[in-house]
Enquirer: 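First the structure, which I've put down as structure tokens, then a few questions once you've had a look.
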Amino acid sequence: MIPGWLKDMVAKNKTALHDGSTACVDRALQDGGLHTVCHSAKCPNRGECFAAGETTIMILGDICTRGCKFCAVSRACPKPIDADEPRRVAHAVKKMGIKYVVLTSPTRDDLKDGGARHFYNVITEIKNQNPGVLVEPLVPDFAGNFESLKTVLAARPAVLAHNIETVSALYDEVRAGADYRRSLNLLKESKKIAPEILTKSGIMLGLGETEDQLRAVIKDLAEHGVDILTLGQYLAPSPAHNAVKRYAEPEEYKRLEDFALSVGFKAVAAGPLVRSSYKAGELYKRAKKR
């Protein structure tokens with residue numbers, strides 16, 4: 001059962017959905033016909049982030065070509081790329097008045113470049129319409145295609161994010177079609193291509209991993225040059241998804257955060273409701289200061 005203290009945290013964030021500023025964010029997204037991972041992945045922080053004028057825009061549709069059992073995003077045959085989406089995303093960013101934008105997408109194995117050129121076009125258009133705005137693309141693994149990675153980095157994002165998600169021992173069960181080493185190598189290659197661009201990754205807790213296994217992943221990420229880390233509790237979107245095996249206590253997050261900082265991370269966000277794009281702009285500033 002979900003602990004009472006965690007239920008209270010989720011309820012507090014749901015209350016924030018009724019804040020007037022959340023309606024402004026929702027309206028700008030709806031007017032642009034845009035998707036967000038906040039809605040598609042049923043993020044528990046939606047109220048808090050929308051109230052703060054923050055959101056994670058999901059480009060390239062809301063249908064994934066993979067079937068990870070932890071994720072609420074639908075799996076089916078994706079629609080063609082929407083060539084007008086970069087303009088609409090950039091306009092929505094201007095309308096919301098946000099200064100730090102996180103972009104993500106479903107995995108698009110149906111596209112030769114995995115959608116990299118579209119990421120480039122969206123980032124470039126955001127910058128053209130909103131000078132000074134920083135962009136953080138949270139990218140899929142591009143099936144290990146480093147040319148696709150180069151395309152995204154050529155748009156000069158502030159941060160290149162890619163989530164490792166879980167420990168290597170659980171990849172077959174949790175991350176269908178993904179590969180632990182491939183994800184690590186993508187993050188390492190990003191540093192080789194553009195060492196000045198920060199890299200970021202995220203891990204979910206509660207899928208059956210041990211704390212020692214989590215420390216091993218954290219160390220692997222640090223050794224592959226990752227600068228920013230997020231750690232948060234996995235919450236099953238439905239009974240058909242991976243079951244929650246445990247609910248990590250706040251003390252564990254603190255131990256893991258301290259460990260991550262000790263092995264070289266520049267900024268860490270760790271807590272039950274932390275997600276990969278949670279307070280992304282703040283984490284970027286903290287990393288830059290270090």
Enquirer: Can you tell whether the side chains of E85 and K79 come within less than 4.0 Å, N to carboxylate O?
Expert: no
Enquirer: Got a second to check how far N145's CG is from E189's CD, nearest 0.5 Å?
Expert: 11.0 Å
Enquirer: State, with a plain yes or no, whether a side-chain heavy atom of V89 is found less than 4.5 Å away from one of E125.
Expert: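 The answer is no; the side chains never approach within 4.5 Å.
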Enquirer: For H118 and I81, work out which heavy atoms get closest and say how close.
Expert: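 Looks like ND1-CG2, 3.4 Å.
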Enquirer: Would you call K285 and E282 a salt bridge, taking side-chain N to carboxylate O under 4.0 Å as the test?
Expert: no
Enquirer: Between the main-chain N or O of V135 and the side-chain N or O of K127, is there a donor-acceptor pair closer than 3.5 Å?
Expert: no
Enquirer: Between K191 (side chain) and P195 (backbone), is there a donor-acceptor pair under 3.5 Å?
Expert: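 Yes.
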Enquirer: Measuring from L138:CG to M58:CE, what's the distance to the nearest 0.5 Å?
Expert: 11.0 Å
Enquirer: Is it the case that the side chain of Q233 and the backbone of L205 share a donor-acceptor pair, with hydrogens and angles ignored and the cut-off at 3.5 Å?
Expert: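 It does hold such a pair.
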Enquirer: Can you see whether Y278 has R275 sitting over its ring - NZ or CZ less than 6.0 Å from the centre and within 45° of the normal?
Expert: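 Pair R275/Y278 does not count as cation-pi.
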Enquirer: Taking only Lys NZ, Arg NE, NH1 and NH2, and the carboxylate oxygens of Asp or Glu, determine whether D179 and R181 approach each other closer than 4.0 Å.
Expert: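 R181 and D179: not salt-bridged.
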Enquirer: State, yes or no, whether a side-chain contact exists between L60 and P78 at a heavy-atom distance under 4.5 Å.
Expert: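 A side-chain contact is absent here, since even the closest heavy-atom pair is not under 4.5 Å.
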Enquirer: Can you confirm whether more than 12 heavy atoms, excluding those of D84, are under 6.0 Å from its CG atom?
Expert: yes
Enquirer: Decide yes or no for V217 and Q213: does some side-chain heavy atom of the first lie under 4.5 Å from some side-chain heavy atom of the second?
Expert: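 Sidechains of Q213 and V217: no contact.
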Enquirer: Hey, are the side chains of P106 and I63 touching, using non-hydrogen atoms and a 4.5 Å cut-off?
Expert: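 No - every pair of side-chain heavy atoms lies 4.5 Å or more apart.
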Enquirer: Do the side chains of V226 and I164 get nearer than 4.5 Å, heavy atoms only?
Expert: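 In short, these two side chains do not touch, never coming nearer than 4.5 Å.
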Enquirer: Begin with the C-alpha distance, continue with both residues' side-chain angles, and end with the deciding distance and a verdict on side chain to side chain contact (heavy atoms under 4.5 Å, CB included) for V122 and I57.
Expert: CA-CA 11 Å; V122 174; I57 298 173; over 6 Å; no
Enquirer: Nearest heavy-atom pair of D141 and A178: which atoms, and what distance?
Expert: OD2-CA, 4.2 Å
Enquirer: Roughly how far, to the nearest 0.5 Å, is the CD1 atom of I228 from the NZ atom of K266?
Expert: 8.5 Å
Enquirer: Examine distances only and state if a side-chain atom of K188 and a backbone atom of L221 form a donor-acceptor pair shorter than 3.5 Å.
Expert: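 Not at all, since once roles are kept as given, no pair shorter than 3.5 Å links the two residues.
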Enquirer: D113 and S148: which non-hydrogen atoms are nearest, and at how many Å?
Expert: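 Taking D113 first and S148 second, the nearest heavy atoms are O-OG, 2.9 Å.
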Enquirer: Charged N to carboxylate O below 4.0 Å: is that the case for D227 and R290?
Expert: no
Enquirer: Would you mind listing every ring-ring contact (aromatic ring centres under 6.0 Å, His included) that reaches into residues 190-215, with sequence neighbours excluded?
Expert: none
Enquirer: Evaluate side chain to side chain contact (heavy atoms under 4.5 Å, CB included) for R255 paired with D258, printing each intermediate quantity in order.
Expert: CA-CA 5 Å; R255 289 195 300 271; D258 289 345; 5.9 Å; no
Enquirer: Kindly write out the residues that satisfy side chain to side chain donor-acceptor pair (under 3.5 Å) with T107, not counting sequence neighbours, or none if the list is empty.
Expert: none
Enquirer: Do the side chains of P137 and L160 get nearer than 4.5 Å, heavy atoms only?
Expert: yes
Enquirer: Once salt bridge (charged side-chain N to carboxylate O under 4.0 Å, His left out) is applied, do any residues pair with R246, and if so which ones, sequence neighbours excluded?
Expert: E209, E252
Enquirer: Measure the spacing between CG of L103 and CD1 of I123 and express it to the nearest 0.5 Å.
Expert: 6.0 Å
Enquirer: Checking side chain to side chain contact (heavy atoms under 4.5 Å, CB included) for the pair K288/L198: CA distance, chi angles, key distance, verdict?
Expert: CA-CA 8 Å; K288 291 295 283 185; L198 296 175; 3.8 Å; yes
Enquirer: Give a yes or no on whether the backbone of V268 and the side-chain of R286 come within a donor-acceptor separation of less than 3.5 Å.
Expert: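 Flag set: sc R286 to bb V268 pair under 3.5 Å.
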Enquirer: Rounded at 0.5 Å granularity, tell me how far CG in L235 sits from CE in M204.
Expert: 10.5 Å
Enquirer: Let me know which of S183, S201, S276 forms a side chain to side chain donor-acceptor pair (under 3.5 Å) with H162.
Expert: S183
Enquirer: Identify the two heavy atoms, one from K200 and one from E136, that lie closest to each other, and give their separation to 0.1 Å.
Expert: NZ-OE2, 3.0 Å
Enquirer: To check you understand the geometry: which heavy-atom pair defines the closest contact between A194 and L153, and what is its length?
Expert: CB-CD1, 4.4 Å
Enquirer: Can you see which heavy atom on N242 is nearest to which on V174, and at what distance?
Expert: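 Looks like OD1-CA, 4.1 Å.
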Enquirer: Check whether any side-chain N or O of T199 sits under 3.5 Å from a backbone N or O of G225 as a donor-acceptor pair, and report yes or no.
Expert: yes
Enquirer: Look at the side chain of T151 and the backbone N and O of E147, then say whether any donor-acceptor pair between them is shorter than 3.5 Å.
Expert: yes
Enquirer: Run the ring pair (Phe, Tyr, Trp, His ring centres under 6.0 Å) test against Y180 and tell me which residues pass, sequence neighbours left out.
Expert: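 Checked Y180 against ring pair (Phe, Tyr, Trp, His ring centres under 6.0 Å); matches are Y171.
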Enquirer: Just jot down the ring pair (Phe, Tyr, Trp, His ring centres under 6.0 Å) partners of Y284, sequence neighbours excluded, or say none.
Expert: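 In terms of ring pair (Phe, Tyr, Trp, His ring centres under 6.0 Å), with neighbours along the sequence ignored, Y284 is linked to Y100.
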Enquirer: Can you tell me how far OG of S190 sits from CG of N185, rounded to the nearest 0.5 angstrom?
Expert: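 Here the interatomic distance stands at 12.5 Å.
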Enquirer: When hydrophobic residues are tied together by side-chain contacts of less than 4.5 Å, even through go-betweens, does Y120 share a cluster with I59?
Expert: no
Enquirer: Does I203 reach the side chain of L214, with side-chain heavy atoms less than 4.5 Å apart?
Expert: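 I203 reaches L214 side chain to side chain.
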Enquirer: If a pair satisfies ring-ring contact (aromatic ring centres under 6.0 Å, His included) and one of its residues is in residues 201-239, list it, with sequence neighbours excluded.
Expert: none
